[in-house]
Amino acid sequence: MSLPAAVLWDMDGTLVDTEPYWIAAEHDIVEEHGGTWTEELSHQLVGQDLLVAATFIRDNSAVDWTPERIVDEMLGRVIGKVSEHIPWRPGARELLAALKAEGVPSALVTMSWRSLADAVLGALPEGTFDVVVTGDEVSHGKPHPEPYRAAARLLGVSPQDCVAIEDSPTGVRSAVAAGVPTLAVPHVVSVPEMAGAVHLDSLAGLTPSRVAELGRQARESALAVS
């Protein structure tokens, strides 16, 4: 079975388990302004564009900062945590290395901004990712298809020949809308079944050939409803 033209990776919750860092930052910022924040509200923001998330925080709490300042504050706190410890998701680094060994390009497609992506990338071997697309470098964030289309374009490949790996409903919708067969690996929030995506419990033990097989299944599920 031929391998994918490229594998397009989400970051937060897929490559690294940083969602708890984001949730803690949201809680702290809101509580420092005399408000309260809930897990339910946090879960609505998983996978979202950061400015969209910041606007949601401002509109649903006592925080009166601009969305841009909220993003800066959250990024600073999360980067601080990442500088102390990067919580890799099971099997992620192993799969990245196996794809590299097979000559399959990888792209990072994240709604986090470049400053955080660079902090994570600095802990990986140089050249692990061939392309990086961050939330501050696109006009429309996930669930819009632009981030995944941009990654495929930068790699010079067709979206349908790639495989995306995502953990959130927002991210899966973005990849599927871009025409990328998608592996949904739910983590903090559940991901509904949708055409163009297949579910799995973990990346642990996943091989490039298995990624190709699951990508074919995802592509066939999209064709079945087209």
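Quick caveat, the model's predicted, so the values are computed rather than measured. Any value given below was found using the heavy atoms of this structure, including those in side chains, with hydrogens, waters and symmetry copies removed.
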Checklist entry - Measuring from His85:NE2 to Trp88:CH2, what's the distance to the nearest 0.5 Å? => result 10.0 Å
Checklist entry - Honestly curious: do Val188 and Trp9 fall in one hydrophobic cluster under the side-chain, below-4.5 Å linking rule? => result no
Checklist entry - Are Leu203 and Ile86 co-members of a hydrophobic cluster defined by side-chain heavy atoms under 4.5 Å apart? => result yes
Next on the checklist: Before you tell me yes or no, could you show the steps for Ser209 and Thr207 under side-chain hydrogen bond (donor to acceptor under 3.5 Å, both in side chains), namely the whole-Å CA-CA distance, both residues' side-chain angles and the distance that decides it to 0.1 Å?
Outcome noted: CA-CA 5 Å; Ser209 60; Thr207 63; 3.1 Å; yes
Checklist entry - Which of these passes side chain to side chain contact (heavy atoms under 4.5 Å, CB included) with Pro181: Gln217, Arg219, Arg216? => result Arg219
Next on the checklist: Please find the pair of heavy atoms, one from Val82 and one from Ala119, that lie closest to each other, and give the distance.
Outcome noted: CG1-CB, 4.1 Å
Checklist entry - Is a donor on one side and an acceptor on the other found under 3.5 Å between the side chain of Thr182 and the backbone of Ala184? => result no
Checklist entry - Please walk me through it: do Ser115 and Ile79 pass side-chain contact (heavy atoms from CB on, under 4.5 Å)? => result CA-CA 8 Å; Ser115 55; Ile79 290 171; 3.5 Å; yes
Checklist outcome for this item: Applied to residues 130-149, the ring-ring contact (aromatic ring centres under 6.0 Å, His included) test, sequence neighbours excluded, yields His140-His144
Checklist entry - With side chains defined as the heavy atoms from C-beta onward, is the minimum distance between Glu19 and Pro87 less than 4.5 Å? => result no
Item to check | Whether Ser221 side chain and Gly196 backbone form a donor-acceptor pair below 3.5 Å | outcome: yes
Checklist outcome for this item: Here the gap from Ile57 atom CD1 to Gln44 atom CD, rounded to the nearest 0.5 Å, amounts to 11.5 Å
Checklist entry - Rounded to the nearest 0.5 Å, how far apart are OG1 of Thr18 and CZ of Arg89? => result 10.0 Å
Next on the checklist: Applying a strict under-4.5 Å side-chain criterion to I, L, V, M, F, W and Y, I'd like to know whether Val185 and Met194 cluster together.
Outcome noted: no
Next on the checklist: Is the shortest side-chain heavy-atom distance between Val46 and Trp22 below 4.5 Å?
Outcome noted: no
Next on the checklist: Membership question, hydrophobic clusters at under 4.5 Å side-chain separation (ILVMFWY): are Leu154 and Val138 in the same one?
Outcome noted: yes
Checklist entry - Within the side chain of Glu137, is there an N or O that forms a donor-acceptor pair under 3.5 Å with the backbone of Arg114? => result no
Item to check | From CG (Leu15) to OG1 (Thr128), nearest 0.5 Å | outcome: 9.5 Å
Checklist outcome for this item: When rounded to the nearest 0.5 Å, the distance separating CD1 of Ile70 from CD of Glu73 is 9.5 Å
Next on the checklist: To check you understand the geometry: which heavy-atom pair defines the closest contact between Val176 and Ala195, and what is its length?
Outcome noted: CG1-O, 3.4 Å
Item to check | Donor on one side chain, acceptor on other, Glu39 and His27, under 3.5 Å | outcome: yes
Item to check | Residue pair Ile23 / His43, side-chain heavy-atom distance below 4.5 Å | outcome: yes
Checklist outcome for this item: Between Val71 and Ala54 the two heavy atoms that sit nearest each other are CG2-CB, 3.7 Å
Checklist entry - Has the side chain of Lys142 got a donor or acceptor atom that lies under 3.5 Å from a matching backbone atom of Val109? => result yes
Item to check | Nearest heavy atoms of Pro208 and Pro4, plus distance in Å | outcome: O-CD, 4.5 Å
Checklist entry - Only one of Asp17, Thr14, Asp167 forms a side chain to side chain donor-acceptor pair (under 3.5 Å) with His187, so which one is it? => result Asp17
Checklist entry - Hey, any chance Val7 and Val132 share a hydrophobic cluster, counting ILVMFWY side chains that come within less than 4.5 Å of each other, even indirectly? => result yes
Item to check | Step-by-step side-chain contact (heavy atoms from CB on, under 4.5 Å) determination, Arg77 to Tyr21 | outcome: CA-CA 8 Å; Arg77 295 171 195 231; Tyr21 293 169; over 6 Å; no
Item to check | Stepwise side-chain contact (heavy atoms from CB on, under 4.5 Å) check, Trp37 with Asp28 | outcome: CA-CA 9 Å; Trp37 198 243; Asp28 290 347; over 6 Å; no
Item to check | Side-chain touch Lys81/Val78, heavy atoms, less than 4.5 angstrom | outcome: no
Checklist entry - Between Leu116 and Met11, does a side-chain contact (heavy atoms from CB on, under 4.5 Å) hold up when you go through it step by step? => result CA-CA 10 Å; Leu116 177 55; Met11 188 173 78; 3.9 Å; yes
Next on the checklist: Between His33 and Ile29 (side chain of the first, backbone of the second, donor and acceptor by atom type, cut-off under 3.5 Å), is there such a pair?
Outcome noted: yes
Checklist entry - Do NZ/NE/NH1/NH2 and the carboxylate oxygens of Glu213 and Arg210 come within less than 4.0 Å? => result yes
Checklist entry - Any idea which heavy atoms bring Leu8 and Ala151 closest together, and the distance? => result CD2-CB, 4.4 Å
Checklist entry - Would a 4.5 Å heavy-atom cut-off, applied to side chains only, mark Glu193 and His199 as touching? => result yes
Next on the checklist: I need the minimum non-hydrogen distance between Ala175 and Ala164, along with the two atoms involved.
Outcome noted: CB-CB, 3.7 Å
Item to check | Distance (rounded to the nearest 0.5 Å) between Leu183 CG and Ile165 CD1 | outcome: 5.5 Å
Checklist entry - So do Leu108 and Val120 actually touch side chain to side chain, heavy atoms under 4.5 Å? => result no
Checklist entry - Do the side chains of Leu50 and Leu75 get nearer than 4.5 Å, heavy atoms only? => result yes
Next on the checklist: Tell me if the CG atom of Asp201 is crowded by more than 12 foreign heavy atoms within 6.0 Å.
Outcome noted: no
Item to check | Pairwise side-chain contact, Val157 with Cys162, heavy-atom cut-off 4.5 Å (strictly under) | outcome: yes
